[in-house]
S.K.: 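Below: one structure in structure tokens.
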Amino acid sequence: MKADNPKPVLLADYRPPEFLIDSVHLDIALAPVKTRVTSKLHIRRNPDSEAAGKVPLKLDGELLKLESVTLDGKKLKPSSYRVTETGLTISSPPKEPFTLEIVTTINPKANTALQGIYLSRGVYCSQCEAQGFRRITYFLDRPDVLAKYTVRLEADVATAPVLLANGNPVERGTLSGGDRHYAVWEDPHPKPSYLFAVVGGDLSSIASTFTTQSGREVDLRIYVEHGKEARAHWAMESLKRSMRWDETRFGREYDLDVFNIVAVSDFNMGAMENKGLNIFNDRLILASPETATDANYESIESVVAHEYFHNWTGNRITCRDWFQLCLKEGLTVFRDQEFSADQRSATVQRIGDVRQLKALQFPEDQGPLAHPVRPESYVEINNFYTPTVYEKGAEVVRMIETILGPEKFRAGMDLYFDRHDGQAVTIEDFVACFEDASGQDLSQFHRWYSQAGTPELVCNLTYDKRKKSAELTVHQVLKPSPGKAKKQPYFIPISMALLGENGKEMDLEVEGGVQIRDGVVAVTDRTTTFKFKGVSSRPVPSMLRGFSAPVMINMPLSDQDLAFLMHHDSDLFNRWQASNAYATRSILALLDAKRPKTVVASKAVKLADALRYALRNSDLDDAYKAELLKLPSVADVAREKATKVDHAAIFNEHRAFNRTIGEKLAEDLEAIYAASRDNKFSPDAKNAGRRALRNAALSLLTTRGTKDDMDRLEAHYFNASNMTDACHAMFLIAGVDAAGRDGVLNDFFERWKDDHLVIDMWFAAQAQSPRAETLDEVKELCRHPLFKITTPNKVRALIGTFAASNPLQFNRTDGAGYEFLADKVLEIDPLNPQVAARMLGAFRSYRALEPKRKTLAKAALKRVAGATKLSRDCLEMVTRMLDD
Ligand code: PHE
Ligand code: ZN
């Protein structure tokens with residue numbers, strides 16, 4: 001450890017604030033290099049703080065230039081305060097409430113970290129979560145200090161005709177002969193500083209209105225770059241559907257006169273739920289059939305909903321401290337998943353969410369970056385906006401619903417909104433609402449919040465034909481996580497059924513564990529045994545239906561039993577789960593096989609039969625069939641392999657297996673491909689499903705690699721009437737050495753080079769290609785005139801895609817992929833530490849690599865760790881990963 005390693009912040013050290021700020025008046029005069037911020041704070045001692053009255057007032061502040069401090073109208077002498085790199089301390093503040101006026105200046109143009117106020121393509125915008133407000137002015141920048149804000153913005157009329165802040169608009173006017181103007185905004189709802197936002201720029205907008213269930217008229221507006229208005233309608237539609245859904249599903253109504261969304265091109269994350277003024281990465285707002293894929297449409301719908309839902313889960317009720325991040329994020333992800341499930345097929349939505357959880361959260365939970373859903377310590381909070389806090393956090397909420405059932409769950413949510421509106425609370429407060437509303441004791445369940453790692457359930461089912469009984473034992477295997485060697489068993493809800501010969505669920509008497517309701521049991525001990533009576537024939541277990549808990553199931557099912565589940569499970573999610581498990585298992589078997597050719601053939605037959613059966617089943621919808629055809633990825637197989645991972649070996653067996661499936665299903669796939677052409681584009685679930693199925697068929701057919709296949713692929717690109725098809729073809733062809741490859745990439749480039757969003761797909765398609773040339777090409781693309789190292793979307797499209805979505809080339813045996821990423825992290829870190837630290841996440845599973853790659857990856861990490869002036873963000877990441 002370096003001597004200057006910053007100290008971690010601990011949950012156990014939480015203390016209420018010594019001072020409170022009741023109201024804030026901000027006057028912000030926007031200018032590119034010198035923006036002046038005048039802040040008037042009404043401050044008083046916190047009656048609930050033991051330390052209040054004994055301590056000086058310490059305000060947070062970073063990268064600010066202080067001009068003056070005035071207390072109750074009197075300018076303070078420099079001797080009565082102290083300014084450091086992290087804040088402003090006023091040594092002896094008055095006992096009675098007082099007014100503090102602080103004038104500071106900041107430089108938005110030089111702000112490449114994109115925290116605080118910065119410029120994005122000429123637009124002033126802000127990002128305050130988690131701790132960006134302290135880069136705007138000195139403040140108690142912590143979520144448990146709730147204040148009322150009034151904001152006056154001033155700017156040049158020419159460059160910033162639009163001036164926005166949180167809350168409702170109250171006044172505007174012009175100044176200095178019409179060259180400057182101002183706008184005043186007032187937010188009646190007390191809020192933490194992280195929800196503060198301002199925007200100033202030359203933007204266009206689309207408008208609509210929404211009438212809430214109690215009759216409040218809300219003006220809705222989405223601000224975008226001039227010329228992009230038509231691409232904002234899908235986001236607007238999604239917003240209105242979200243507003244209605246939150247009323248019907250959770251009884252939550254919107255609470256201001258306006259709701260504004262602004263799309264900006266430079267943004268560290270996806271989007272931000274600032275009160276009444278959401279700011280979005282433009283990739284999550286803009287869509288048209290020509291420029292956006294179905295996946296883009298879907299993520300716009302879900303993120304618009306997510307940020308809107310935060311208005312209640314996050315804004316009206318916020319977090320006491322940053323350790324409680326999942327209180328708002330896990331819950332809001334759960335809510336947006338439920339919303340999306342209602343907009344399209346719930347099963348398909350669940351499959352997508354589970355895929356995502358397994359692809360992103362499981363590896364995190366099983367490696368050196370594992371942390372509990374509620375962490376207990378952090379160095380840099382920005383490093384904890386993770387799949388664990390978000391996606392596993394959502395699974396924990398989902399389990400509460402599974403345990404309580406929908407009615408009591410809703411009652412718990414109602415109680416939560418009722419009891420804690422206007423407060424900054426903790427996970428304990430949240431869980432207590434469900435206990436109080438249901439009478440259910442959730443104390444053991446609480447371990448889901450404090451223990452990291454993915455539980456493994458080793459299951460074993462025996463059948464006694466003579467007694468017509470079956471016994472299921474479930475053993476919880478809880479491997480150590482960083483900082484925690486021994487763990488306590490969890491309360492795990494398991495949705496399950498035993499299936500009879502005909503595939504029907506047996507109606508059985510169960511003993512053991514906890515009976516939650518028909519079809520749902522829970523395990524509570526390290527080993528739990530269930531006894532089933534009246535089992536008339538040998539049962540096949542359908543475990544963890546709908547993925548009722550974020551666990552790994554380890555159950556020695558035969559290939560026959562899995563094939564049976566693929567055909568007959570009455571739970572469609574589990575039919576998918578069975579085929580996915582079967583395919584993964586088959587590829588893993590090939591890795592160890594002495595004669596893989598014969599194994600691949602025999603394994604593939606069963607899967608191909610099950611897939612064909614599903615494809616010909618008219619009861620199943622296209623989107624679901626498409627999910628079945630999307631076989632596990634190389635990364636999925638690598639994750640299941642878990643140790644001594646050799647990506648090149650996995651890639652080869654994966655390709656062989658997919659090719660065999662493609663060959664065996666060719667007839668059906670060709671029929672699907674020929675039948676379901678898209679003519680008029682509509683982004684709805686049914687049409688998107690049809691495109692998904694056709695594209696999945698195309699992918700599998702392409703694995704055979706014949707001339708006809710390549711011609712079909714090339715034609716798919718040139719005949720595409722929408723971006724979903726064009727993009728699908730471009731990604732596929734970028735991955736092979738087909739004659740048409742360059743033609744497609746060149747065509748796409750020429751068509752979209754002036755569109756900064758669409759061109760990111762062109763960067764990404766090349767970065768994910770498994771071809772051996774890819775790393776050299778990615779390095780070359782880093783010098784491309786359209787690539788910009790300070791734009792997070794560009795970095796993610798090119799470098800992020802290479803590191804996170806190209807397992808074969810990132811994990812090159814010579815370590816060049818690792819070295820490249822280390823170089824880029826070191827280049828980005830001084831500009832934007834948050835983005836640099838995120839890139840390092842690509843190393844999260846390096847300990848599972850085979851020894852040669854592992855050594856090389858570790859060396860790259862050590863090189864980053866040894867760099868001088870590494871940010872706190874990156875330093876924490878490498879330290880956690882290198883810690884043994
Ligand atoms: N709170 C944002 C969200 O919902 C994420 C975010 C975090 C955005 C930090 C910017 C900075 O999900
Ligand atoms: Zn969120």
Side-chain angles (χ1 to χ4, degrees), residues 111 113-118 120 125-136 141-143 166 191-199 238-239 242 246 261-285 299-319 321-340 353 356 360-361 373 375 378 380-394 396-397 424 792-793 796 832-838 841 873:
N111 186 348
L114 314 184
Q115 301 175 56
I117 295 181
Y118 61 94
S120 173
C125 60
S126 64
Q127 174 52 45
C128 291
E129 187 176 4
Q131 299 177 331
F133 193 71
R134 63 186 66 183
R135 295 181 180 204
I136 298 175
D141 193 11
R142 45 188 289 169
N166 313 88
K191 65 167 174 288
S193 52
Y194 82 86
L195 291 173
F196 170 83
V198 289
V199 168
S238 304
L239 173 61
S242 313
D246 214 12
I261 292 179
V262 179
V264 300
S265 304
D266 301 83
F267 203 74
N268 283 347
M269 307 278 275
M272 181 63 211
E273 69 264 24
N274 317 300
K275 184 80 188 188
L277 176 54
N278 289 359
I279 297 182
F280 270 65
N281 187 325
D282 55 4
R283 142 185 107 71
L284 290 164
I285 290 293
S299 44
I300 290 168
E301 181 180 82
S302 77
V303 179
V304 166
H306 179 97
E307 305 311 330
Y308 174 73
F309 296 155
H310 267 315
N311 192 55
W312 275 95
T313 49
N315 302 4
R316 290 288 287 252
I317 305 179
T318 196
C319 304
D321 54 72
W322 290 118
F323 296 101
Q324 321 295 329
L325 186 56
C326 68
L327 176 81
K328 75 178 177 82
E329 294 305 346
L331 176 56
T332 305
V333 170
F334 169 77
R335 275 150 54 69
D336 85 54
Q337 289 177 347
E338 289 294 286
F339 167 75
S340 294
D353 291 339
Q356 167 109 340
L360 303 176
Q361 200 277 327
V373 168
Y378 63 77
E380 171 51 62
I381 185 58
N382 283 331
N383 287 333
F384 286 84
Y385 287 78
T386 59
T388 297
V389 168
Y390 276 66
E391 271 75 29
K392 189 175 177 181
V396 175
V397 176
N793 281 359
R796 283 185 283 254
N832 190 331
Q834 201 180 337
V835 167
R838 227 153 232 280
D873 309 55

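Atoms within a ligand are numbered from 1 in the order they appear, just like the ligands themselves. Predicted, not measured: the structure shown is a model, and the values here were computed from it.
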S.K.: Taking only Lys NZ, Arg NE, NH1 and NH2, and the carboxylate oxygens of Asp or Glu, determine whether Asp873 and Arg838 approach each other closer than 4.0 Å.
M.R.: no
S.K.: Find out whether Leu239 and Tyr308 are in side-chain contact, i.e. whether some heavy atom of one side chain is under 4.5 Å from a heavy atom of the other.
M.R.: yes
S.K.: Could you walk me through whether Arg335 and Trp312 satisfy the side chain to side chain contact (heavy atoms under 4.5 Å, CB included) test, starting with their C-alpha distance in whole Å, then the side-chain angles of each, then the deciding distance to 0.1 Å, before giving a yes or no?
M.R.: CA-CA 11 Å; Arg335 275 150 54 69; Trp312 275 95; 4.3 Å; yes
S.K.: Using a 4.0 angstrom limit on heavy atoms, which residues are close to ligand 1?
M.R.: Gln127, Glu129, Met269, Ala271, Met272, Glu273, His306, Glu307, His310, Lys328, Glu329, Tyr385, Tyr390
S.K.: Show, in sequence, the C-alpha distance, side-chain angles and deciding distance for Leu325 and Leu327, and conclude whether the side chain to side chain contact (heavy atoms under 4.5 Å, CB included) test is met.
M.R.: CA-CA 5 Å; Leu325 186 56; Leu327 176 81; over 6 Å; no
S.K.: Starting at CZ of Arg135, measure out to CG of Leu114 and round the result to the nearest 0.5 Å.
M.R.: 10.0 Å
S.K.: For the ring pair Phe339 and Phe309, is the centre-to-centre distance below 6.0 Å?
M.R.: yes
S.K.: Is it true that Glu329 and Lys392 have a side-chain N and a carboxylate O under 4.0 angstrom from each other?
M.R.: no
S.K.: Would you mind naming the N, O or S atom of His306 nearest to the Zn ion (ligand 2)?
M.R.: NE2
S.K.: Is the Zn ion (ligand 2) less than 2.8 Å from at least one N/O/S atom of Glu329?
M.R.: yes
